[in-house]
Amino acid sequence: MNEEMKKNFQKIANTIRALSMDAVQKANSGHPGLPLGCAEIGAFLYGHVLQYDPKAPLWLGRDRFVLAAGHGSMLLYSCLHLAGYDLSLEDLKNFRQLNSKTPGHPEYEPSCGIEATTGPLGQGVGNAVGMALGMKILSSRFDRKGFPLFTGKVFCLASDGCIMEGATSEASSLAGHWNLDNLVLIYDANQISLDGPLAQSMSENTKMRYLSYGWEVVEMDGYDFDAMEKVFDHANKEQKKPLLIIAHTIIGKGSVHKAGSCKAHGSPLGEEEVKETKKVLHIPEEPFFIPAEVKAFFEKKRKEQRKKREEWEELFTNWKATFPDLLQELEKMQTKKIDPLLIGGLQKHLCTTNISGREASHLALQYISSLVPGIYVGSADLSSSDRCFVDHSPLISSTDFQGRNIKFGVREFGMGTIMNGLAYMGVFRPVCGTFLVFSDYMRNAMRLAALSSIPVIYQLTHDSIFLGEDGPTHQPIEQLAALRAMPNLQVIRPATCWEAHMAWIAALEHRGPTALILSRQALEEIPATHIPFHEGVGRGAYIVKKEKKKAEFTLFASGSELFLALKVAAKLESLQKQVRVVSFPSRDIFEKQDREYQKEILGEGRGICIESSSDWGWYKYLGVDGLFIGMHSFGKSAPPAALAKEFGFTEDQIIQKILKNTLV
């Protein structure tokens, strides 16, 4: 690399430092250490390596960059602003302020160049693995000889904290297993964590660990532009495996008194320190100053990037004319609308009596996957049990990405982060399965899916104590309540095969993620649930048995307990009681209904909920005089019938509780 180019990149790097210091200082909050320490890497990525066009940020052929170490968000925001994305200087000045485009940690906004929501360390690595997997799938599915459309790479910058997180290990292991040669992970190896020197908490040989995963590993000085050019040119031209670049850096580099110290990690440098640092680095003292040379560099860069994108678009146009069938398939993957045939098919053809919730969902998945080409399915080593797979489709492997089934092994958290990465691509509808009790392992990935409003569907089976003999370690109690507490996660617990099929329509219509809560045991089919989607499951709750006169009791139930509620209602009516029964598959959907509908469904009878889980949230519908019949302890290892009697889920026990607690 010639000296002039090095000077350009160094000036860009120091501009990134200045913008980052100023934004953190103005907010009086933030993490300046990583932006200062990785400024040269950011400058080189956006100034030389990445293929992008800020004026066409959703361009399918682009490279992706994920900042896994999301606390260093000002590095990303500074780079995106300089590169010409829709992040203004005013946006940088509003760093960490209410409703700004520059929150403390990056939040998914691809129109601004932010490819993933990151911050909880490690998950960005999994997202990058998912994106790289997605690019391999798209290439395998749509690239043809002479038409290399999906050859872009995914670059990810990770910190020491990311490398320590278990989710990174799970995702990195899978990246090696799939031999994702389009993935580049840059490790900001500054030997400092937030609490102090890394040596206080970690002494592993990271290079050997990644070699054992099947990665290629190189090391470089994070400030040597010649070394960067060599390493990244190798990645672009000769990469044969996922690549880990161990970049030796100094946290807070440039800071006069705090460089190399954890003091630079998570708090502003201070006005005097910023002033001294700028002086040493020959940066003008003026806040948010951008040199004219840097502006000119990126103006030229944008023209080059636009030309590359236009060349790709020309290739894409020729591909469309040559392969109209493939174009139709790709457009179907990109559309967000539900095929009308899908709703009609689910309502007419698939309902089977007396099968488990997991099996009902499996049947629906087969039909849906035939009409929704973006459906890709994975399970955490439980596909034979959670029934989360596409029949007659092969597995994805390191040599064949044509299949639509993914085996994640026992890696729930890694699975969640990777499926988020697939969803961030904008063309996939990922579906992943495990037992409901194990949703705890991937809960934070589910949370980021909800925060990002990406359409991941979770098939969570073995939904209650009635899974039986596996016992309390496998019997979920609080998990259903915990998932219901998560904003924007649509939770649906169907009571019948029909409701399970309708739940899939709700999942495909929802803008964010959906958790399908499914039974292991067979469900009794209830004819009253066989109503159109927008009259039943699509309302969140609906009446399956109406009272003849004014209701004295309104029984609410979901899942397998709905049939039990109907039997209890029949016995109460034999005692001359007036009873309404409401199927309540989704509180999230019910909350979106108008107030009049809600009042109509809840009625005036005494509210009683029968559900084999925690009572959290139910009293909103039951009222202060309501009665919850459910679980207040962990389960036990026993056959389902014995558990029903032990925990009060028999008709006679429920009748006794209702009558005993009835107000006179």
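Phe297 is listed as a side-chain neighbour of Ile12, based on a closest heavy-atom distance under 4.5 Å. Residues Asn420 and Ile454 have side chains in contact (heavy-atom distance under 4.5 Å, counting atoms from C-beta outward). Two residues are said to be in side-chain contact when any heavy atoms from C-beta on lie closer than 4.5 Å; Phe389 and Ser379 fail this criterion. Within the 4.5 Å cutoff, the side chain of Tyr458 has no heavy atoms near those of the Met419 side chain. Taking the side chain as every heavy atom from C-beta outward, Gln366 and His392 never approach each other to under 4.5 Å. A heavy-atom distance below 4.5 Å is found between the side chains of Leu183 and Trp215. Between Lys55 and Arg306, the closest side-chain pair of non-hydrogen atoms is not below 4.5 Å. Residues Leu451 and Leu448 are in side-chain contact: their nearest non-hydrogen atoms beyond the backbone lie under 4.5 Å apart.
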Exercise for the section: Could you walk me through whether Ser385 and His462 pass the side chain to side chain contact (heavy atoms under 4.5 Å, CB included) test, one step at a time? Expected result: CA-CA 9 Å; Ser385 191; His462 297 60; 3.4 Å; yes
Practice task
Give the intermediate values and the outcome of side chain to side chain donor-acceptor pair (under 3.5 Å) for residues Ser173 and Arg411.
Solution key: CA-CA 10 Å; Ser173 177; Arg411 300 182 182 94; 3.1 Å; yes
Exercise for the section: Would you check, one step at a time, whether the test side chain to side chain contact (heavy atoms under 4.5 Å, CB included) holds for Leu45 with Ile186? Expected result: CA-CA 11 Å; Leu45 284 171; Ile186 308 160; 4.0 Å; yes
Practice task
Carefully, step by step, assess Ile163 and Met202 under the rule side chain to side chain contact (heavy atoms under 4.5 Å, CB included).
Solution key: CA-CA 10 Å; Ile163 294 299; Met202 183 168 139; 4.0 Å; yes
Exercise for the section: Could you go through the side chain to side chain donor-acceptor pair (under 3.5 Å) check for Asp160 and Tyr187 one step at a time? Expected result: CA-CA 7 Å; Asp160 289 310; Tyr187 170 22; 2.4 Å; yes
Exercise for the section: Before giving the answer on side chain to side chain donor-acceptor pair (under 3.5 Å), spell out for Glu204 and Thr206 the whole-Å C-alpha distance, their side-chain angles and the decisive distance to 0.1 Å. Expected result: CA-CA 6 Å; Glu204 70 175 32; Thr206 303; 3.3 Å; yes
Exercise for the section: Determine, step by step, whether Gln402 and Ser140 satisfy the side chain to side chain donor-acceptor pair (under 3.5 Å) criterion, reporting the C-alpha distance in whole Å, the side-chain angles of both residues, the deciding distance to 0.1 Å, and the verdict. Expected result: CA-CA 6 Å; Gln402 287 286 333; Ser140 176; 2.8 Å; yes
Exercise for the section: Evaluate the criterion side chain to side chain contact (heavy atoms under 4.5 Å, CB included) for residue pair Glu313 and Trp59; output intermediate values, then yes/no. Expected result: CA-CA 9 Å; Glu313 295 284 5; Trp59 166 35; 4.2 Å; yes
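The aromatic rings of Phe435 and Phe438 lie parallel to each other, with less than 30° between the two planes, well short of the 60° mark. Ring planes of Phe155 and Phe232: tilted class, angle from 30 to 60°. Relative orientation of the His31 and His71 rings is tilted, given thresholds of 30° and 60° on the angle between their planes. Using a 30° and 60° split on the angle between ring planes, Phe225 and Phe9 fall in the tilted class, from 30° to 60°.
Ion pair Arg358/Asp463 not flagged as a salt bridge, since none of the NZ, NE, NH1 or NH2 atoms sits closer than 4.0 Å to an Asp/Glu carboxylate oxygen. A salt bridge is defined here as a Lys NZ or Arg NE, NH1 or NH2 lying under 4.0 Å from an Asp or Glu carboxylate O, and Arg141 with Glu329 meets this definition.
For Lys301, the NZ atom sits in a packed shell: over 12 heavy atoms of surrounding residues, nucleotides or ligands are nearer than 6.0 Å. Summarising the local packing, CZ of Arg404 is surrounded by more than 12 heavy atoms from other residues, nucleotides or ligands at distances under 6.0 Å. Heavy atoms from other residues, nucleotides or ligands lying under 6.0 Å from OH of Tyr441 number 12 at most. Heavy-atom contacts from other residues, nucleotides or ligands closer than 6.0 Å to NZ of Lys336 number more than 12.
Note: Phe298 and Tyr46 fail the aromatic proximity criterion, with ring centroids not under 6.0 Å apart.
Taken from CG in Leu460 to SG in Cys432, the straight-line distance is 7.5 Å, to the nearest 0.5 Å. A distance of 7.5 Å separates CG in Leu67 from OG in Ser73, rounded to the nearest 0.5 Å. Distance check: Leu330 CG to Gln334 CD gives 4.5 Å after rounding to the nearest 0.5 Å. The CH2 atom of Trp319 sits 5.5 Å away from the CG atom of Leu327 when rounded to the nearest 0.5 Å.
In this model, no donor atom of one side chain and acceptor atom of the other lie less than 3.5 Å apart for Ser439 and Gln479. Using a 3.5 Å distance cut-off with no hydrogens or angles, the side chains of Ser111 and Asp86 do not pair a donor with an acceptor. Judged purely by distance below 3.5 Å, without hydrogens or angles, the side chains of Asp195 and His265 never pair a donor atom with an acceptor atom.
For the side-chain hydrogen bond (donor to acceptor under 3.5 Å, both in side chains) test with Arg62, the passing option among Gln305, Gln51, Glu115 is Glu115; the others fail. For the side chain to side chain contact (heavy atoms under 4.5 Å, CB included) with Ser393, the qualifying choice from Leu395, Asp391, Val390, Ile396 is Val390, the only one to do so.
Shown here for Tyr108 and Thr117, the closest heavy-atom pair between the two residues is N-OG1, 2.8 Å.
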